[in-house]
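Basis for what follows: all heavy atoms, side chains included, without hydrogens, waters or symmetry-related copies.
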Amino acid sequence: MTDVTGLTVGVLGGTGPQGKGLALRWAKAGIKVIIGSRSAERAEAAATELGDGVTGADNTTTAAAADVVLVAVPWEGHGDLLASLREQLRGKIVIDCVNPLGFDKQGPFALPVEEGSAAQQAEQLLPESRVTAAFHHVSAVHLADLSIAEMDTDVLVLGDDREATDLVRGLADAIPGMRGVYGGRLRNAHQVEAFTANLIAINRRYKAHAGIRVTDV
């Protein structure tokens, strides 16, 4: 498996529950993490709360300083943020974990995306970056709860660049109990993002924090 020690991971939207939880787990695994936010002050406060050497900065500074960047921002601001960071993300591996979802009285549902998926939108906006998709189905509640020593979940990693998907799988494997599994080309990201709506429905019905496991691999 790809060695991820020595990497600096930037988390855009790192003050939100998903980004903050992954930042925490990577930091505990000895990986250098920078939390990004629109507000440098909010990012620095979140980094101080997490400890373990995590630092905070605004999104632009985070994107420029990191080797690998996780995008964990709300769908509504996804396109505008990535378009503004094209130069800072040039040549870098970008991991998109954004789920374009809507909610109504019947529950969660997948939103249509003109480019096909959030990850494909990222690919179009960042033509000189190495875009992957992963970490869509990981419970933020479990990530934040350090009494849960092992995450007991698989992470589907999608992308068209083998070296990039192997590195992202390595970042998943760095978190105890988590396993990165190659899940296909980036064009298949839509159904992975959309499946999050099914997981939310499962979790609401059964009062759980379910993830996924891939069998026979």
Side-chain angles (χ1 to χ4, degrees), residues 1-36 46-47 50-54 66-73 93-99 118-119 130-159 161-184 186 188-189 191-200 202-203 206 208-217:
M1 186 52 63
T2 303
D3 182 11
V4 296
T5 58
L7 286 178
T8 297
V9 178
V11 182
L12 305 182
T15 58
Q18 191 79 1
K20 193 174 181 181
L22 285 165
L24 173 64
R25 294 290 178 156
W26 280 325
K28 291 292 183 186
I31 295 169
K32 183 178 179 181
V33 178
I34 307 172
I35 282 181
L50 293 179
D52 285 298
V54 177
D67 302 309
V68 180
V69 175
L70 175 78
V71 182
V73 299
I93 294 175
V94 174
I95 310 166
D96 202 303
C97 74
V98 174
N99 299 306
R130 304 163 71 188
V131 177
T132 64
F135 300 104
H136 302 88
H137 307 142
V138 182
S139 166
V141 173
H142 282 179
L143 287 169
D145 185 355
L146 292 178
S147 71
I148 300 173
E150 297 195 355
M151 288 299 299
D152 188 26
T153 192
D154 285 338
V155 170
L156 293 177
V157 180
L158 296 92
D161 181 322
R162 175 67 179 268
E163 184 181 31
T165 57
D166 282 352
L167 185 143
V168 177
R169 287 174 54 219
L171 284 172
D173 290 347
I175 299 173
M178 191 179 288
R179 180 180 67 153
V181 178
Y182 175 69
L186 205 68
N188 292 317
Q191 54 264 38
V192 173
E193 295 170 6
F195 186 66
T196 306
N198 301 86
L199 279 179
I200 293 171
I202 290 168
N203 289 330
Y206 296 103
H209 299 287
I212 63 168
R213 277 294 192 195
V214 179
T215 63
D216 200 32
V217 173

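Residues T15 and A46 approach most closely at CG2-CB, 3.9 Å, considering heavy atoms. Taking each heavy atom of V157 and G180 in turn, the nearest pair found is CG2-CA, 4.5 Å. V71 and V98 make their closest contact through O-CG2, 3.6 Å (heavy atoms, listed as atom of the first residue, atom of the second, distance). Pairing each heavy atom of I202 with each of A210, the nearest pair is CG2-CB, 4.3 Å. Across V4 and A174, no two heavy atoms sit closer than the pair CG2-CB, 4.2 Å. What you find for A23 and V33 is that their closest heavy atoms are CB-CG1, 3.7 Å.
Side chain of E193 to main chain of A133: no donor-acceptor pair is present (N/O by atom type, distance under 3.5 Å, no hydrogens or angles). Formation of a donor-acceptor pair under 3.5 Å by the T132 side chain with backbone atoms of V94 is found in this model.
Listed by chain and residue number, P17, Q18 satisfy the side chain to side chain contact (heavy atoms under 4.5 Å, CB included) test with A140 (two or more places apart in sequence, or in another chain). Under the side-chain hydrogen bond (donor to acceptor under 3.5 Å, both in side chains) criterion, T5 pairs with D3, not counting sequence neighbours. Under the rule for a side chain to side chain contact (heavy atoms under 4.5 Å, CB included), the partners of N198 that lie at least two apart in sequence or sit in another chain are F195. With sequence neighbours excluded, the residues that form a side chain to side chain contact (heavy atoms under 4.5 Å, CB included) with E163 are R130, D161. Among residues two or more places apart in sequence or in another chain, the side chain to side chain contact (heavy atoms under 4.5 Å, CB included) test is passed with S139 by V141, H142, H209. For T153, the side-chain hydrogen bond (donor to acceptor under 3.5 Å, both in side chains) test picks out no residue, with sequence neighbours left out. Residues meeting the salt bridge (Lys or Arg N to Asp or Glu O under 4.0 Å) test with K28, sequence neighbours left out: D52.
Here the side chains of L22 and V11 are not in contact, with every heavy-atom distance at 4.5 Å or above. Put simply, the side chain of T196 reaches to within 4.5 Å of the side chain of H137, judged on heavy atoms. Using a 4.5 Å cut-off on side-chain heavy atoms (C-beta onward), H136 and L156 make no contact. Between L167 and L7 the shortest side-chain heavy-atom distance falls below 4.5 Å. Residues L171 and I31 meet the side-chain proximity criterion, which asks for heavy atoms closer than 4.5 Å. Side-chain atoms of F135 and L143, non-hydrogen and from C-beta on, never get closer than 4.5 Å to each other.
Residue pairs meeting the side chain to side chain donor-acceptor pair (under 3.5 Å) criterion with at least one member in residues 169-184, sequence neighbours excluded, are D154-R179, D166-R169. The salt bridge (charged side-chain N to carboxylate O under 4.0 Å, His left out) pairs that include a residue from residues 140-153 are D152-R213, where partners are two or more places apart or lie in different chains.
A distance of 13.0 Å separates CD1 of I34 from CG of L70, quoted to the nearest 0.5 Å. The distance from the CG atom of L186 to the CG atom of L158 is 7.0 Å, given to the nearest 0.5 Å.
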